[in-house]
Amino acid sequence: MSIEPRPLRSRRSNLAVPGSNPKMLEKAKGLAADQVFLDLEDSVAPLAKAEARKNVVAALNEGGYGDKVRSVRVNDWTTSWTYRDVIEVVENAGTNLDCIMLPKVQTADQVVALDSLLTQIEKTMGFEVGRIGIEAQIENALGLINVDAIAASSPRVETIIFGPADFMASINMKTLVVGEQPPGYDTGDAYHYILMRILMAARAYDKQAIDGPYLKIRDVEGYRRVAGRSAALGFDGKWVLHPDQVAAANEVFSPLQEDYDHAELTLDAYDYYTSAEGGARGAVMLGDEMIDEASRKMALVISAKGRSAGMTRTKSFEPPQD
Ligand code: GLV
Ligand code: MG
């Protein structure tokens, strides 16, 4: 009962906004983040949860988020809040919302439960069934070992998100600075396995892979360095907690102009040379580089990222004159 394929959304920067803070809900509308997620979970105190639901509904219905992806993070299924979060937000603002983010996902069943609840609300309210997506946050060991099944659990799933703060706590990693290496681990990257595990699950099931927060919000260079690692692996974006991190995320997760131009050129050249007019060839030279079907696939990745980020090409392909 779901729509496929789901829209490809640009999510280079994913701005966390506490649902208990109406001023921040408003301010987020003017920031250049690709996505906002209005939080009902860990940035909202237990006594403020009920009020935060109301603030989030009001902010969504008031509009002003432009073409940003609008997500709401509900509380996880081990709490008593989840069902009310979902029902109150989706019944009252479901047409002004793109995704529900489910934190601390441990098993595929938890996603299926949210999918079923969303379907019931959509049917009851007369909303398009299946339109609202799900973002699944992986924040502990059980979630990570089940990540393949979680990614495959529902066609609504759009992203798999790494939640480093909760994750580090749950595995007893000896670090207090989220995003930085644990002191004493002086070789390699302590996050590499987790990031790759999430990335493989996301790619296997055609989902986006999103890196979580970097908490030293004044250290934009630190943010850039850590974001650069997950971007290099192939992640689609990263959380931002502060306006200063937004521009860094948008830059780090966009292809360089030069790479974007090259990707578009490769696609055009490959189309031309594989056509009857271009000689129906499978491997050809583009400048001093040999391109073939695998080059086309690599170019498609860069091109899709550039296009979804709204980039425009600065070079065009000219077929050779003879
Ligand atoms: C985010 O939710 C995190 O735990 O890092
Ligand atoms: Mg968390």
Side-chain angles (χ1 to χ4, degrees), residues 11 13-21 24 28 33 35-46 48-49 52 56 69 71-79 81-82 85 99-107 110-111 114 134-147 150 157-182 189-199 201-202 207-217 219 222-223 225-227 229-231 233 235-242 245-246 249:
R11 284 188 164 100
S13 47
N14 187 343
L15 179 67
V17 192
S20 49
N21 189 330
M24 287 174 89
Q35 163 158 336
V36 288
F37 79 85
L38 314 184
D39 193 20
L40 299 176
E41 203 220 13
D42 283 355
S43 68
V44 176
K49 301 274 186 200
V56 163
V69 184
S71 197
V72 171
R73 181 167 72 164
V74 296
N75 289 278
D76 82 273
W77 279 126
T78 66
T79 69
W81 296 300
T82 322
D85 290 344
C99 289
I100 293 289
M101 186 185 296
L102 187 61
K104 302 182 178 70
V105 178
Q106 307 193 58
T107 60
Q110 296 183 324
V111 177
L114 176 59
I134 294 177
E135 304 195 86
Q137 256 193 298
I138 301 298
E139 308 199 72
N140 55 39
L142 190 57
L144 192 68
I145 65 171
N146 286 328
V147 68
I150 289 166
V157 175
E158 296 190 12
T159 64
I160 308 292
I161 304 171
F162 176 39
D166 276 303
F167 202 102
M168 296 311 125
S170 83
I171 64 168
N172 297 356
M173 192 185 267
K174 285 205 276 180
T175 179
L176 287 176
V177 186
V178 171
E180 295 294 355
Q181 301 299 316
D189 174 4
Y191 300 87
H192 184 74
Y193 170 73
I194 308 165
L195 289 172
M196 280 308 245
R197 193 69 199 76
I198 287 173
L199 184 63
K207 313 297 180 187
Q208 288 182 312
I210 306 294
D211 193 8
Y214 181 75
L215 299 193
K216 286 194 305 339
I217 55 173
D219 182 2
Y223 179 90
R225 174 169 42 77
V226 172
R229 288 190 199 133
S230 50
L233 293 178
F235 271 62
D236 299 285
K238 182 169 172 67
W239 282 16
V240 292
L241 303 179
H242 188 270
Q245 294 180 336
V246 175

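All residue numbers in this chain count up from 1 along the given sequence. For ligands, and for the atoms within them, numbers begin at 1 and follow the listed sequence.
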Residues Q137 and E41: side-chain donor-acceptor under 3.5 angstrom: no
Residue pair S170 / N140, side-chain donor-acceptor N/O under 3.5 Å: no
To the nearest 0.5 Å, what is the distance between [atom1] on [X] and [atom2] on [Y]?
X	Y	atom1	atom2	answer
I198	T159	CD1	OG1	10.5 Å
M168	M173	CE	CE	4.5 Å
L199	D211	CG	CG	10.5 Å
Q106	T78	CD	OG1	7.0 Å
E135	Q208	CD	CD	8.5 Å
F37	N14	CZ	CG	6.0 Å

Atom 1 (C) of ligand 1 - nearest protein heavy atom and its distance: Q137 NE2, 3.4 Å
Heavy atom under 4.0 Å from ligand 1: found in [X]'s side chain, backbone, both, or neither?
X	result
W239	side chain
M168	neither
P103	neither

Quick check: [X] and ligand 1, any N/O pair under 3.5 Å apart?
X	answer
E41	no
A165	yes
P164	yes

Main-chain N/O of A209 paired to D236 side chain as donor or acceptor, under 3.5 Å: yes
Where ligand 1 meets P213 - atom numbers and elements under 4.0 angstrom, heavy-atom basis: 5 (O)
Pair E180 + R225, salt bridge at N-O below 4.0 Å: yes
Sub-4.0 Å heavy-atom contact, R73 with ligand 1: yes
The Mg ion (ligand 2): protein N, O or S atoms that are less than 2.8 Å away, sorted by chain: E139 OE1, D166 OD2
